[in-house]
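Only one structure is covered here, and it is reproduced in the block below.
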Amino acid sequence: MRNWAAARAEDAVLLALAAAGLVLFLAPLFLGSRFPQPVLLFSALVAVSALVALAVALQTHRLSTRLLAILAALVAIDATLRLVIVIGLLGFSPIFFLVIAGGFVMGPSFGFASGALTLLLSAVLTAGLGPWLPYQMLAAGWVGMGAGYVGRISGREPSPRTIAVLSLYGCAAGFAYGILLDLWEWPVLVAAGSSPLSWAPGIGLLSLTRRFGGFYLATSLVYDSFRAVGNLLLIAVLGPAVISALERFRRRFLVVWTVDQPVSEQAPVKISTDVGTPA
C-alpha cells in the first residue's frame, strides 16, 4: 500500500509538470513570435521542476540521497559528451542513451531530472544559452521520464525482450524529441506566412496540422532519423551492460528502512493435572 501511494504521489507531480510544460510548447502555436521567451526564467523553472520531482521521489523513498550521486555523475558524463559532440552526426547525439538508461533503471523522476539537468549543464559549458534551452530541457526530461515508466511496466532486468522494448522506445523518443522542438521553433523562428509550409496566424487546426506535417517532413525527418536510429543501436549494443551496472547501484543504494513490530509474548501453555497417562 505504501509503495502504491508513493508511486501515485510521484506520478501526480510529474503529470502536473508535464501539463505545465505542454502549455509552454503549445502556446507559440496560437501566439507565434508574440509569445514571450524569457530564457533564464523558463530554464530556471524547468530546473526547479526537476528538483521538485527529485524531492518528492526522495520523500516517498523512490530514490535515496546516495542515488543522487549517480545522477550527478551521469549528468556530468552526458554534458561532457555533448561538449565533445555538440551537434552530433547529422542529428545523432549520444547523450540520450544515458538519459534513457538512467530513467529506465532509477525511475521517471530520476529520468526527468537527468534529461533536464544534462541539457542545462551542457548549455552552460558550450555557451549554448538561447530561447531553445528550456524547450530542450523539457523534451529531454520527458524522454528520461518516459523511459522510467517503460522500466516500471516491463521490469528492469536487462533481458533480450526488455532491451528490445527499450530500443524501440529510444527510437520513438528520437523522433518525439525532434517533433517537440519543431513545435516551438516553427511558429517562433520561421517567418510567418513566408511559404505554404510556414506558420500563419488564425488558420484552422486542420490547416495548421497539414502545414506542420509538411514542414517537418521537409526539414527534420531525415535529421531526426539519425537520432532515432542512433538511440536504437546504442541501447541494443550497450544497454545490457549499462543497465545491469545501474541496477546494481540501485539495489545497493536504495535502502528502505522499516520498523519491525515487536512480537507479542505468548502465554505459557498450561497442562491440566487431571490428564493421566494411558495404561
Side-chain angles (χ1 to χ4, degrees), residues 63 67-123 125-126 136-137 139-181 220-254:
L63 290 175
L67 286 179
L68 296 185
I70 304 298
L71 172 63
L74 292 179
V75 169
I77 292 170
D78 247 359
T80 303
L81 286 175
R82 197 163 188 251
L83 180 63
V84 176
I85 310 175
V86 177
I87 299 177
L89 178 61
L90 295 176
F92 165 69
S93 177
I95 67 168
F96 292 98
F97 169 64
L98 287 180
V99 170
I100 292 172
F104 177 79
V105 175
M106 305 296 183
S109 293
F110 187 102
F112 180 81
S114 176
L117 297 180
T118 292
L119 268 294
L120 176 61
L121 179 59
S122 65
L125 293 177
T126 60
Q136 289 179 336
M137 292 171 64
W142 287 342
V143 168
M145 183 179 74
Y149 285 111
V150 171
R152 184 180 293 179
I153 294 170
S154 67
R156 299 185 178 93
E157 293 299 326
S159 64
R161 173 184 170 277
T162 302
I163 294 299
V165 170
L166 191 61
S167 298
L168 292 176
Y169 170 80
C171 182
F175 286 110
Y177 178 85
I179 291 172
L180 281 171
L181 290 182
S220 303
L221 178 62
V222 175
Y223 190 83
D224 290 348
S225 297
F226 281 90
R227 181 190 304 113
V229 174
N231 289 346
L232 186 149
L233 293 177
L234 278 180
I235 295 170
V237 175
L238 302 178
V242 173
I243 289 172
S244 295
L246 290 175
E247 178 64 15
R248 285 195 294 270
F249 280 116
R250 190 186 72 85
R251 291 179 177 177
R252 181 178 300 177
F253 292 161
L254 187 59

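A quick note: this is a predicted structure, and the numbers were derived from the prediction, not measured.
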Salt bridge (charged side-chain N to carboxylate O under 4.0 Å, His left out) assessment of E157 paired with R250: CA-CA 12 Å; E157 293 299 326; R250 190 186 72 85; over 6 Å; no
Keeping to residues at least two apart or across chains, list the ring-ring contact (aromatic ring centres under 6.0 Å, His included) pairs with something in residues 230-249. F249-F253
Which heavy atom of P94 sits nearest to which heavy atom of L234, and what is that distance? CA-CD1, 4.1 Å
Looking only at atom types and distance, does a side-chain atom of T162 sit under 3.5 Å from a main-chain N or O of P158, one as donor and one as acceptor? no
Sequence neighbours left out, what passes ring-ring contact (aromatic ring centres under 6.0 Å, His included) with Y177? Give chain and number order. F96
Looking at OG1 of T118 and CE of M137, how far apart are the two atoms once the value is rounded to the nearest 0.5 Å? 10.0 Å
Short question: side chain of R156, backbone of V105 - any donor-acceptor pair under 3.5 Å? yes
Shortest non-hydrogen contact from A147 to I100? CB-O, 3.3 Å
From CG (N231) to CD1 (I235), nearest 0.5 Å: 5.5 Å
May I have the step-by-step check of side chain to side chain contact (heavy atoms under 4.5 Å, CB included) for F110 and L246, ending in yes or no? CA-CA 12 Å; F110 187 102; L246 290 175; over 6 Å; no
Sub-4.5 Å side-chain heavy-atom contact between L221 and F175: yes
Begin with the C-alpha distance, continue with both residues' side-chain angles, and end with the deciding distance and a verdict on side chain to side chain contact (heavy atoms under 4.5 Å, CB included) for L119 and I95. CA-CA 9 Å; L119 268 294; I95 67 168; 3.8 Å; yes
Closest non-hydrogen atoms of S244 and P240, given as atom of the first, atom of the second and distance, are OG-O, 2.8 Å
Please test I163 against I243 for side chain to side chain contact (heavy atoms under 4.5 Å, CB included), starting from the C-alpha separation and ending with a verdict. CA-CA 9 Å; I163 294 299; I243 289 172; 3.8 Å; yes
Point-to-point distance, once rounded to the nearest 0.5 Å, from CG of L117 to OG of S122: 10.5 Å
Looking at V99 and A140, what are the two nearest heavy atoms and their distance? CG1-O, 3.8 Å
Between atom CZ of R252 and atom CD of E247, what is the distance when rounded to the nearest 0.5 Å? 12.0 Å
Once you round to the nearest 0.5 Å, how far does CG of L67 lie from CG of L74? 10.5 Å
Please walk me through it: do S167 and L232 pass side chain to side chain contact (heavy atoms under 4.5 Å, CB included)? CA-CA 5 Å; S167 298; L232 186 149; 4.1 Å; yes
When every non-hydrogen atom of P108 is compared with those of Y149, the smallest separation belongs to CB-CE1, 3.6 Å
Measure across V75 and S114 and return the closest heavy-atom pair with its distance rounded to 0.1 Å. CG2-O, 4.1 Å
